[in-house]
There are 2 protein chains.
Amino acid sequence: MDTTLELGGLSADAYLKSCASRTVLNALADKWTCLLVDALRHEPVRFGALRRRLDGISQKSLTQTLRTMERDGIVIRTHYPTIPPRVEYELSALGHSVVTLMSGIKGWAEEHVDEIVTARKRYDACLDEEAQPVPSPLR
Amino acid sequence: MDTTLELGGLSADAYLKSCASRTVLNALADKWTCLLVDALRHEPVRFGALRRRLDGISQKSLTQTLRTMERDGIVIRTHYPTIPPRVEYELSALGHSVVTLMSGIKGWAEEHVDEIVTARKRYDACLDEEAQPVPSPLR
DNA sequence: CGGTATCCGCTGCGATACTG
DNA sequence: CAGTATCGCAGCGGATACCG
């Protein structure tokens with residue numbers, strides 16, 4: 001039995017590069033997208049606030065990511081033509097339906113960061129000791 | 001109340017670029033990582049089988065992604081020195097603990113692909129009609 | 001404030017060729 | 001079969017400057 005065939009005969013298969021769901025996966029499987037969905041999960045947030053929250057993101061990347069999410073119907077952009085201008089972003093219904101998954105990924109990363117850092121050290125140490133079989137005690 | 005402070009006083013915060021959990025998020029939030037976790041969720045799979053399953057992946061990217069996952073302790077690599085050689089990859093306990101989330105992302109992409117494709121068309125159409133205010137009925 | 005436009009260095013990734 | 005090594009290009013993302 002193929003797991004790509006669930007109830008109702010869902011035809012999309014992200015394993016296929018020509019399937020549109022692959023492009024959706026590509027958009028979702030992104031660091032910034034994940035953090036943005038999480039950041040917007042409770043209430044609308046302004047552009048500047050998002051920029052401060054997502055430490056290290058450039059203005060360009062933030063704009064681009066938000067624009068893609070808006071295009072995909074994940075977020076809703078509201079522009080208040082005040083002076084100074086004010087732009088708020090909020091999740092659509094579609095966006096809210098993926099909050100659990102995206103916040104879950106972020107949460108998992110935070111929960112298991114210690115195990116993973118340890119695993120990385122162990123892996124790197126093993127490579128090192130292969131390269132230097134014996135650290136030559138004399139000389 | 002800050003959502004980064006859950007029970008037990010978890011100190012990791014993926015919003016901060018200097019936090020190690022950001023690097024974990026970076027590794028997880030990847031198209032190939034997501035598909036690989038899903039592909040390995042039931043049983044060990046050989047390198048060649050993974051390559052055929054993940055349509056469009058290059059050998060280099062597959063090797064790199066698997067190596068990173070092995071380093072992070074997500075997958076276990078087993079090499080059988082037969083002729084021809086045979087290498088199997090399987091999820092570790094840590095890897096199994098993220099299957100639900102990763103397969104969930106893939107599943108969500110497949111479930112909502114139609115809505116998103118529609119949203120994209122609508123967005124692109126709106127941009128076009130702004131560029132061409134009236135499609136000049138007369139010529 | 002919230003963009004857009006431009007430049008530009010870096011690396012991500014695919015293609016190809018070769019190895020144990 | 002399952003890699004490693006090398007090359008070469010495209011695109012991402014940061015920095016900067018300017019606009020509504």
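These numbers come from a predicted model, not from an experiment. In what follows, chains are A, B, ... by sequence order, proteins preceding strands, each numbered from 1.
- The salt bridge (Lys or Arg N to Asp or Glu O under 4.0 Å) check on A/Arg52 picks up nothing, with sequence neighbours excluded.
- In this structure, the side chain of B/Tyr123 does not engage the main chain of A/Arg67 through any donor-acceptor pair within 3.5 Å.
- For B/Arg86, the salt bridge (Lys or Arg N to Asp or Glu O under 4.0 Å) criterion is met by B/Glu88, not counting sequence neighbours.
- Taking the side chain as every heavy atom from C-beta outward, A/Pro44 and A/Thr78 never approach each other to under 4.5 Å.
- In this structure, A/Asp72 contributes its side chain and A/Ile74 its backbone to no donor-acceptor pair below 3.5 Å.
- Contacts between residues 63-80 of chain A and DNA chain C, defined by a heavy-atom separation under 4.0 Å, are made by A/Thr63, A/Arg67, A/Arg77.
- One hydrophobic cluster holds both A/Leu101 and A/Leu94 under the rule that ILVMFWY side chains link at heavy-atom gaps under 4.5 Å.
- Of the two residues contacting DNA chain D, namely A/Pro85 and A/Ser58, the nearest-nucleotide position lying further toward the 5' end is that of A/Ser58.
- At least one side-chain heavy atom of A/Met102 sits under 4.5 Å from a side-chain heavy atom of A/Leu28.
- Within 4.0 Å (heavy atoms only), B/Arg51 reaches no atom of the nucleic acid at all.
- With sequence neighbours excluded, the residues satisfying side-chain hydrogen bond (donor to acceptor under 3.5 Å, both in side chains) with B/Ser103 are B/Asp38.
- One hydrophobic cluster, built from ILVMFWY side chains closer than 4.5 Å, cannot hold both A/Ile76 and A/Val45; they sit in different ones.
- Taking a heavy-atom distance under 4.0 Å as the criterion, the stretch of DNA chain D touched by chain B extends 5' to 3' from D/dC1 to D/dC7.
- Overall, the helix from C/dC1-D/dG20 to C/dG20-D/dC1 carries an axis bend of 50° between its ends, with five pairs at each end and the value rounded to 10°.
- The side-chain hydrogen bond (donor to acceptor under 3.5 Å, both in side chains) analysis of residues 16-29 of chain B, with sequence neighbours excluded, yields the pairs A/Arg120-B/Thr23.
- Listed by chain and number, the residues in a salt bridge (Lys or Arg N to Asp or Glu O under 4.0 Å) with A/Arg51 amount to none (sequence neighbours excluded).
- Protein chain B contacts DNA chain C over a range whose 5' and 3' limits, counting nucleotides with an atom under 4.0 angstrom from a non-hydrogen atom, are C/dC13 to C/dG20.
- Within a heavy-atom distance below 4.0 Å of DNA chain C, no residue of residues 22-36 of chain A is found.
- In this structure, the side chain of B/Tyr89 does not engage the main chain of B/Glu70 through any donor-acceptor pair within 3.5 Å.
- Applying the side-chain hydrogen bond (donor to acceptor under 3.5 Å, both in side chains) criterion to B/Trp108, with sequence neighbours excluded, gives A/Ser97, B/His112.
- Considering only residues two or more places apart in sequence or on other chains, A/Val117 meets the side chain to side chain contact (heavy atoms under 4.5 Å, CB included) condition with A/Val113, A/Lys121, B/Ala20.
- Within 6.0 Å of CZ in A/Arg122 there are 12 or fewer heavy atoms belonging to other residues, nucleotides or ligands.
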